[in-house]
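Reviewing the structure listed below.
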Amino acid sequence: MLLLLLSCTSSDKLFESADSVSESGADSTGGPGGDSPADSPADSTAEDDSGDPPPALCGSPAVGFVERQGNQLLLEGEPFRWISANLPMLTVIEDRWAAPTPWEQYDSLCSIAQLGGTATRTYVISVGNQSRHVTAPGSFNEELFVALDHAIAQAEATGVRLIIPFVDQWDWWGGIGAYASFRGKNAADFWTDPQIRADYAATLTYILTRTNTVTGRPYSEEPGILAWETGNELSSTPEWTAEMVALIRDLDPNHLIVDGHYGIQAESLDNPDVDLVSNHYYTWPYGEDYAAAARADVATAAGKKPLFVGEYGLVPIASVEQLLDVVATEDIAGAMIWSFRGHSRDGGFYLHTEVDDGQRLYRSYHWPGFASGAAYEEEDVLALLSERAWELRNLDKPVLPPPDAPLLLGVGTQIQWRGSPGASSYILERAEAESGPWTELLAGFDDASVERQALVTDPDPPTVPVWYRMRALGEGGRSEPSDPLPYDPGGPSDWTDPLNDWTHLS
C-alpha cells in the first residue's frame, strides 16, 4: 500500500479558522454553495536516518475505494478489516446542537487513526425543524452539511473512512417519526406511504448528488467515505430496503451500501445492491455474551455478504475481549465500540453518560484513556482495542510521534487550554519573559475529568508579569510548546483572551 504521510501542519489547511464553521445556520433548498476545491493537504514524505518513513501522527490519506468480493472487503486487492469506535458527534454536537468545528472533527478522527482504526461510523443525518440537517421535506441546513463536507475531507486526510447512516429508527436526532410528522402521519407510515418515501428519496438524492464544498468533489467520488447505510437500527421492510438501496446504487456506484436493518434482514443477503449487513450488540437482548451473538450472525450471513458489528458496548472488558476474539477468527469485517467523544473546542473533552445502573457509570471513551474512566475500565479497554486493531491489519503497533502542541485559550488565575489528540497529560511552564528561560511548574495533569473544560491553577501564583506556555505528553514524548501568553496579575483583568471571539465557545 502506498504510504502517504500527513503532517500535522498540513492538516491545518483543512481547518483554517477551525473555531468558526458558518454561524448563519441558513437553510437551503438548492445545491451546496461553493464550487472551488479547498487547498489540498500537502503530504510529508520526510524520512528518518533508517530510510523508512516516520509513523504519521494522524494516519495516512485514504486512496481509492473499498470493494466487495463475495463476503470479503478489499482495498487495492488486500483485505480491508477494522477495529474502531463510533463517532456520533462527528457531524452534530448533540449536547449543544451545533456543528462541530473542523478541528474537533480532526481531533476525533486522529484519535481513531492513532488507535489503529481505518473506519468509523457517524451517527445519522438529523431531521427536524431546528438545528437539523433536514428541516422540512426538500429543505436542508447548509451549515450542518458544510460540517459533513469537512468530516468527509478529514476522513480522507486521516485515512479513517466513514460509514454514514441516513436515518434513525428512533427520535434522538429526529428519524422516521420526524419525516412522517412533516406530513401529519405516524412513524409506521414511513415504510409504506408514497409521499414520505418520496421525501426520504429526496434527501438521499440531495446528499448523494452533493458537491463537497471543501474538496470540490461530488460525494460519490470521495475516498473518505466507506459506505452509506440505509439507517440506524431500522425495522424496515424488505420492499423499502430494496427500493432505497437501488436508488443509492444508481446515484453512487462507487461506495458500499449497508442495510441498516436492526439485525440481518434475510432478503438483503440475496440483494445484489446490498454490500454489507450488520448488527448491534447490547445487553438487551443479548445479555453480556456478545461473542455468542456474533457467532450466530456469522451463521446467519452464511458467507453471502460481509458482516460487521456496527455498535456494541456498555459491558465489562471481559465481554469486549471475547467479542474481539470472534471478530479476529470469523468472517467479520470490523467492529466499532460505542462510542468515542473527542476534545471540545473550548477545552477538555465532550462527556456523555451512556447508562448508570447504580454500580457502573458508563460514559463515552476518551483517547488514549484516563484514570477518570476507571469505573468502566477506559484505559484497559482502549489499550485492548488498539492492540487488536493493529493485529487485525497484520501490522505492528507503531510508536507515535509526540502529540500536537496544545493551544492556550486563556491565562489568569486559572489557565485554560485546548487539548491535543493522543495526549495523556500536560506540562505547564512559566517565564518572566517571552524568550525564557522557562521553568516547569506542573506536570502529570490531564483534561478528561471536567466536562467541557480544561482548567489548571499555577501552584505558585505570580506577583509580577509572567508568560505561560504548555506542552502535551504522549507515548512518543513531549510536544513542542504552545504559543506563549502573557499574564499581568496587577493588570486591569486577570484573564487574557487570545481568540477575540470567545463568545462563540460558550
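Small disclaimer: the values here were computed from a predicted structure and weren't measured. Along the sequence shown, the residues carry numbers beginning at 1.
Residues I93 and Y350 come closest through the heavy atom pair CD1-OH, 3.2 Å. Nearest heavy-atom pair across D252 and Y219 is OD2-O, 4.5 Å. Across every non-hydrogen atom of D95 and L351, the tightest pair is OD2-O, 3.5 Å. The two residues Q105 and P100 have their closest heavy-atom pair at NE2-CG, 3.7 Å. Closest heavy-atom contact between L57 and C110: O-SG, 3.8 Å. Residue V258 comes nearest to S278 through the heavy atom pair CG1-OG, 4.3 Å, listed as atom of the first residue, atom of the second, then distance.
Between I125 and W173, every side-chain heavy-atom pair lies at or beyond the 4.5 Å cut-off. Put simply, the side chain of L442 reaches to within 4.5 Å of the side chain of V456, judged on heavy atoms. A 4.5 Å side-chain heavy-atom check between P406 and S479 finds at least one atom pair inside the cut-off. Side chains of L256 and F65 form no contact here, defined as non-hydrogen atoms less than 4.5 Å apart. Using a 4.5 Å heavy-atom cutoff, the side chains of I415 and L428 are in contact. In this structure the side chain of L324 reaches within 4.5 angstrom of the side chain of L385, judged on heavy atoms.
Between R161 and E222, none of the side-chain N atoms (NZ, or NE/NH1/NH2) sits under 4.0 Å from a carboxylate O, so this pair counts as no salt bridge. We find that E142 and R210 are joined by a salt bridge, their nearest charged nitrogen and carboxylate oxygen being less than 4.0 Å apart. Note on E429 versus R471: salt bridge recorded, some NZ/NE/NH1/NH2 to OD/OE distance being below 4.0 Å. By the 4.0 Å N-to-carboxylate-O rule, R388 lies close enough to E321 to be salt-bridged with it. Remark: E229 engages R121 in a salt bridge, criterion side-chain N to carboxylate O under 4.0 Å. Ion pairing of R341 with D107 is absent here, as no side-chain N (NZ or NE/NH1/NH2) approaches a carboxylate O to less than 4.0 Å. Between R469 and E480, none of the side-chain N atoms (NZ, or NE/NH1/NH2) sits under 4.0 Å from a carboxylate O, so this pair counts as no salt bridge.
Residue M470 holds its CE atom at 9.0 Å from CG of D447, rounded to the nearest 0.5 Å. Atom CD1 of I164 sits about 15.0 Å away from atom OH of Y123, to the nearest 0.5 Å. The CG atom of L162 lies 9.5 Å from the NE2 atom of H255; values are rounded to the nearest 0.5 Å. Atom CD in E377 sits 5.5 Å away from atom CD1 in I317 (nearest 0.5 Å). Considering CG of D168 and CG of L234, their distance stands at 7.5 Å, rounded to 0.5 Å.
Between the S139 side chain and the A136 main chain, no donor and acceptor come within less than 3.5 Å of each other. Y426 contributes a side-chain N or O that, together with a main-chain N or O of S420, makes up a donor-acceptor pair within less than 3.5 Å.
Of the N and O atoms on the side chains of T101 and Y106, not one donor lies less than 3.5 Å from an acceptor on the other residue. A donor-acceptor pair shorter than 3.5 Å can be found between the side chains of R363 and T353. H261 and S236 share no donor-acceptor pair across their side chains, judged by distance under 3.5 Å alone. Side chain to side chain, T135 and Q130 fail the donor-acceptor criterion of an N or O pair below 3.5 Å. With hydrogens and angles left out, the side-chain atoms of T213 and D149 include a donor and acceptor closer than 3.5 Å.
Both the sub-6.0 Å distance and the 45° axial angle are satisfied by R418 relative to the ring of W103. Judged by the 6.0 Å and 45° rule, R393 forms no cation-pi pair with W82.
Between Y290 and Y282, the gap from one ring centroid to the other reaches at least 6.0 Å. Between W228 and F166, the distance from one ring center to the other falls under 6.0 angstrom. Annotation: Y281 is not in aromatic contact with W338 [ring centroid separation under 6.0 Å not met]. Ring centroids of Y262 and H280 are separated by less than 6.0 Å, placing the two rings close together. No close placement of the H133 and F140 rings is indicated, their centers lying 6.0 Å or farther apart.
In this structure, the ring-ring contact (aromatic ring centres under 6.0 Å, His included) partners of Y376, at least two apart in sequence or on a different chain, are Y365. For Y286, the side chain to side chain donor-acceptor pair (under 3.5 Å) criterion is met by N279, not counting sequence neighbours. When the side chain to side chain donor-acceptor pair (under 3.5 Å) test is applied to W367, the partners found at least two apart in sequence or on another chain are Q114.
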